[in-house]
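Note sheet for the following structure.
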Amino acid sequence: MLNKKTVEDISVKGKKVLVRCDFNVPLKEGVITDENRLTAALPTINKLIDEGAKVILCSHLGKPKGEAKPELSLAPVAKRLNELLKKEVVFAADDTVVGENAKKAVESMQDGDVVLLENTRYRKEETKNGEAFSKELASLCDVFVNDAFGTAHRSHCSNVGVTQYVDTCAVGYLMEKEINFLGNAVNNPERPFVAILGGAKVSDKINVINNLLEKVDTLIIGGGMAYTFLKAKGDRIGKSLLEADKVDYAGDMIKKAEDKGVKLLLPIDNVVAREFKNDTPFKTVSHDGIDPDWQGLDIGAETQTLFADAVKDAKTVVWNGPMGVFEFENFANGTKAVAKALAATDATTIIGGGDSAAAVNQLGFGDKMSHISTGGGASLEFLEGKELPGVAAANNK
Ligand code: AMP
């Protein structure tokens with residue numbers, strides 16, 4: 001369990017509380033296309049409003065790289081939060097984030113009021129954890145609450161730097177929930193514990209694989225990264241994605257799994273394509289037989305069954321990364337099958353953000369999962385066994 005102070009442990013009445021949220025939502029022409037991150041932030045915001053705090057919200061959005069890019073303004077988020085909270089959210093439109101508008105807006109706040117600051121990444125110091133901007137943010141508040149799990153693996157001004165200049169620093173409900181779900185899964189899982197990893201690169205997940213092999217009963221590897229493992233086993237993988245410099249590592253991990261008695265499941269058949277696109281000839285072949293001119297873009301039907309069976313009897317499942325190039329309809333079946341298997345199992349199911357979360361939500365299985373993380377990168381670093389700086393910076397209980 002999390003040993004950090006949460007919003008339950010602090011007194012906020014009449015105080016100015018700066019809340020770092022993760023409002024990094026997808027926008028299309030100024031319209032928010034997925035508001036999961038907004039709704040996930042509401043419990044903490046509502047709690048602080050109800051307690052009579054002056055609630056100052058901040059977040060980054062996209063990568064403006066230190067420039068005030070209008071298309072990455074948080075203005076649309078303020079508008080939508082107004083509706084979701086059923087309460088006025090004053091938007092402090094300031095290119096410098098903590099400028100005259102922000103200061104004025106905060107000065108005139110009453111208990112229970114809500115102000116949203118502009119995109120913290122309008123300031124170039126933000127991602128460098130610079131002292132000046134951290135102090136400016138801290139000058140606005142008496143208490144700091146970090147509820148942005150999606151950036152918890154980064155040390156930035158608005159989630160880590162600011163805590164050096166504020167005495168009371170706690171985490172919000174979302175952060176607490178994320179850490180508890182992932183923490184329980186990794187450190188105290190109900191067994192069998194199955195982890196499913198997919199996506200493009202072995203190199204991105206090296207430490208995750210290594211750490212999970214210490215914890216899980218079964219490790220399933222699909223997606224593009226599986227081919228480096230199949231290569232290490234001596235299979236013919238044709239033109240499939242290969243990280244040649246990671247073949248030895250993959251071999252070591254196969255050996256480690258054997259030594260630890262962990263079941264390592266790799267694809268036993270693949271959907272192979274002529275070219276990397278949707279409209280191209282494709283067929284299913286067994287794993288040892290990808291011809292030189294073909295590339296594996298999805299797991300085959302037998303592999304779908306193999307993976308689904310492993311999930312059926314599990315008590316805890318963590319999933320990160322698609323099983324194939326799910327952006328192409330013809331190669332999305334493996335990812336869909338895994339999402340379906342997770343929706344059907346009685347296990348505690350945890351989706352580690354990013355593409356897998358999008359796949360689960362698109363298929364309408366969102367409410368069938370125990371927990372869908374709001375942070376892909378952060379959940380991966382957590383699964384690596386790393387301490388997240390955004391969490392570490394909060395006061396201990
Ligand atoms: P990651 O960011 O590492 O989780 O990778 C996600 C990406 O992996 C998605 O864009 C998928 O299209 C891609 N991917 C999954 N399977 C394959 C594959 N067999 N070949 C190439 N790319 C893949």
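Atoms considered below: every heavy atom in the structure, side chains included; atoms not considered: hydrogens, waters and symmetry mates. Numbering of ligands and ligand atoms starts at 1, following listing order. It should be emphasised that the depicted structure is a prediction, and the values quoted were computed from it without experimental measurement.
Not one N or O on the side chain of Trp294 forms a donor-acceptor pair closer than 3.5 Å with the backbone of Gly296.
Taking each of Gly224, Gly352, Ser240 in turn, the one with a heavy atom nearest to atom 16 (N) of ligand 1 proves to be Gly224.
Ligand 1 lies within reach of Gly324, whose nearest heavy atom is under 4.0 Å from it. The shortest separation from a heavy atom of Tyr227 to ligand 1 is under 4.0 Å, placing the residue in contact. Look at Phe328 and you'll find every heavy atom at least 4.0 Å from all atoms of ligand 1. Within the structure, the closest approach of Met225 to ligand 1 does not fall below 4.0 Å when heavy atoms are considered.
Close approach of ligand 1 to Gly223 is summarised as follows: ligand atoms under 4.0 Å from at least one heavy atom of the residue are 16 (N), 19 (N). Proximity to Lys205 (heavy-atom distance under 4.0 Å) selects the following atoms of ligand 1: 3 (O), 4 (O). Within ligand 1, the atoms closer than 4.0 Å to a non-hydrogen atom of Phe276 are 21 (C), numbered from 1 in the order shown. With ligand atoms numbered from 1 in the order given, ligand 1 contributes 1 (P), 3 (O), 4 (O), 5 (O), 6 (C), 8 (O) to contacts under 4.0 Å with heavy atoms of Gly199.
Taking atom 19 (N) of ligand 1 as the reference point, the nearest protein heavy-atom neighbour is Gly296 O, 3.0 Å. Glu327 OE2, 3.3 Å is the protein heavy atom nearest to atom 9 (C) of ligand 1. Looking at atom 22 (N) of ligand 1, its nearest protein heavy atom turns out to be Val325 CG2, 3.6 Å.
Residues Phe282 and Phe331 place their aromatic rings such that the two centres sit under 6.0 Å apart.
Ionic pairing of Glu125 and Arg123 is present here: one or more N-O contacts between side-chain nitrogen and carboxylate oxygen are shorter than 4.0 angstrom. One finds a salt bridge joining Asp111 and Lys54 here, because a Lys/Arg side-chain nitrogen approaches an Asp/Glu carboxylate oxygen to under 4.0 Å.
The side chain to side chain donor-acceptor pair (under 3.5 Å) test with Thr374 singles out one residue from Lys177, Arg37, Glu178, and that residue is Glu178.
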